[in-house]
Chemist: 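I am attaching a structure below and will ask some questions about it afterwards.
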Amino acid sequence: MSLSEKFVGPVLAVIATGVILALARRKWASIRLPYPPGPKGYPIIGNVLNFPENPIWEGLTKMAQEYNTDTLHLNLLGSHLVVLSNSDLAPGLAERDSVKYSDRPQMGMSWALAGMPYGKTWRVHRKVFHRFFNVAVVGQYDDKICKAVNVFLHRLSESPDRFLEHAHFLAGSLNLSVAYGLDVESESDKFYSASNGAINDLSAALIPGAFLVDVLPILKYVPEWFPGAGFKKFGKTAKENIEKAVNLPFQYVKNAFQADDITTSSFVASCLEDLPELSKDGVDEETIRSLGGTIYLDTRSASKTSSFLQSFFLAATLHPEVVCLAQRELDEVVGGERLPELSDIPQLPYISAFVKEVLRWGPPVPLSGAHRVMEDDVYKGRFIPAGTAILDNVWAMFRNESDYPDPLTFNPGRFLKDGQIDPNVKDPELQVFGWGRRICPGRHFALRVSFLAVARTLATFDISKCIDEDGNPIVPDRKYTFGAVCHPLPFRSDIKPRSTHALSLIAG
Ligand code: HEM
């Protein structure tokens with residue numbers, strides 16, 4: 001027997017003992033260790049009756065304060081939920097073991113990147129998405145962004161009362177242009193309306209009950225009469241609408257590609273062109289079809305961007321003083337001679353701070369995308385079982401007095417020091433897009449759209465409160481819809497071009 005053969009047996013025995021001990025220790029720890037703090041539940045239903053009403057994030061914040069914890073634990077019908085309300089926690093978990101926290105609870109949207117379980121297919125999709133949206137290449141969409149923002153300004157000058165719809169059209173039409181190269185001129189466009197219908201179905205599926213099923217798929221099995229089980233109506237028609245919305249533009253680009261008739265650049269056209277190279281990584285046509293659909297549909301990205309823009313209008317309407325400061329900066333830098341550009345970002349710190357403050361003050365996604373824990377974990381002496389859904393309570397984080405003094409006040413100045421962005425203030429851009437391996441891969445793109453839309457709108461329009469018949473200003477309520485993506489409830493705003501010169505800039 002060789003020396004190495006002599007050692008194989010003992011070495012294997014030592015490894016096996018180690019593995020058994022580690023498993024036993026973990027099992028033992030899980031038996032002895034408590035879950036993170038939270039209300040005590042009832043047998044079987046757990047904390048279903050403790051679960052807060054809408055707005056859920058506010059209720060969860062209060063509950064976390066009551067239990068003096070920033071990792072609140074709830075048990076819903078045997079499924080575990082942990083809600084984080086400290087901005088350092090999620091990155092901390094991701095740093096310890098990013099893979100363990102990278103899965104998603106499954107609810108039937110696994111065809112699309114955002115809903116996929118963690119694994120090889122997700123990695124292939126994510127890699128392709130990253131290739132076209134990473135920070136080094138995202139500037140390739142600047143022309144499309146400028147064009148869409150200009151169309152938006154034009155629509156705003158024509159029908160300022162419809163500013164909320166224009167914000168939605170800007171986000172939705174831009175995504176169709178980026179994903180498929182489609183030049184959408186109006187809401188009645190066949191591609192836009194198909195996608196928009198499907199987005200509405202998705203939004204309906206994301207109302208509170210449905211939102212919860214996203215997090216805890218076990219709720220799929222509750223009867224339709226159960227409070228919040230309205231998502232059950234999200235049935236066959238909605239699925240057909242989504243299928244149609246994903247197929248229609250993909251097929252259009254594919255046909256053009258096969259006929260060698262691609263006239264406009266797009267994500268799908270570039271992927272089809274690069275397919276021979278991409279296929280080495282396991283990409284096929286279905287991957288591309290699904291990613292095209294992801295950009296517009298599954299991510300609800302258009303609706304997140306439009307939520308941001310609508311909150312921007314709400315903040316500007318409520319706070320004329322910040323609009324004046326922003327316009328002063330814009331006038332100093334572009335002098336009213338031209339429209340601001342993305343290349344002006346370094347010279348426009350107040351506009352950058354404005355964007356950060358809108359994200360903080362009215363986060364489009366108050367409870368950030370659920371992550372599913374893939375293996376048992378012990379965190380700060382508390383047991384987090386495999387399968388737990390983790391939610392990041394961004395709403396709570398953005399109202400944390402120690403990070404943001406006087407948090408309810410809209411004040412872009414909080415992000416500035418000596419006229420520049422203050423690196424010591426926590427940046428909402430680092431929290432609002434999620435965390436770990438599932439962090440929003442469209443964030444660089446979304447921030448460019450947000451910046452340009454805010455800068456160009458403030459450069460060319462005055463925004464103020466409407467006046468009622470008695471001459472009093474109408475102060476809009478700061479109220480939002482409840483869902484996975486939240487929008488301000490419809491409100492009125494008085495939006496007027498700043499001058500005839502501004503109008504001529506918009507006309508180009
Ligand atoms: C203001 C606009 C936006 C906000 C606030 C936002 C926020 C988010 C959040 C919170 C997540 C979940 C992250 C997590 O699970 O930790 C997410 C995921 C995602 N977002 Fe965004 N997003 C925005 C715009 C966009 C845009 C424009 C795109 C596409 C161009 C996009 C593509 C995606 C994708 C593909 C995912 C899923 C990533 C994955 O599961 O691996 N988002 N986004």
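Just so it is clear, the model here is predicted, and its values are computed rather than measured. Remember, it's 1-based here, ligands and their atoms both numbered in the order they're listed.
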Chemist: Are F410 and F354 near enough that their ring centres are under 6.0 Å apart?
Modeler: yes

Chemist: Pick one of side chain, backbone, both or neither for how F433 approaches ligand 1, counting any non-hydrogen atom pair under 4.0 Å.
Modeler: both

Chemist: Would V83 and W57 satisfy side-chain contact (heavy atoms from CB on, under 4.5 Å), going step by step from the backbone distance to the final call?
Modeler: CA-CA 9 Å; V83 185; W57 33 96; over 6 Å; no

Chemist: Between D183 and S177, do the side chains contain a donor N or O and an acceptor N or O under 3.5 Å apart?
Modeler: no

Chemist: Is there a nitrogen or oxygen of R126 sitting under 3.5 Å from a nitrogen or oxygen of ligand 1?
Modeler: yes

Chemist: What about T305: any of its N or O atoms under 3.5 Å from an N or O on ligand 1?
Modeler: no

Chemist: Can you check whether K304 has an N/O within less than 3.5 Å of an N/O in ligand 1?
Modeler: yes

Chemist: Will you find, in the side chains of T409 and N411, an N or O donor that is under 3.5 Å from an N or O acceptor?
Modeler: no

Chemist: Under 4.0 Å, heavy atoms only, figure out whether ligand 1 is touched by the backbone of D392, its side chain, both or neither.
Modeler: neither

Chemist: Looking only at distance, does H371 have an N or O less than 3.5 Å from an N or O of ligand 1?
Modeler: yes

Chemist: Between Y118 and R438, do the side chains contain an N or O donor and an N or O acceptor separated by less than 3.5 Å?
Modeler: no

Chemist: Any atom of ligand 1 sitting under 4.0 Å from a heavy atom of R104?
Modeler: yes

Chemist: Does R438 reach ligand 1 with a nitrogen or oxygen that is under 3.5 Å from one of the ligand's nitrogen or oxygen atoms?
Modeler: yes

Chemist: Of the choices A114, P441, A94, which has the non-hydrogen atom that lies closest to atom 19 (C) of ligand 1?
Modeler: P441

Chemist: Can Y35 and N75 be counted as having a side-chain donor-acceptor contact under 3.5 angstrom?
Modeler: no

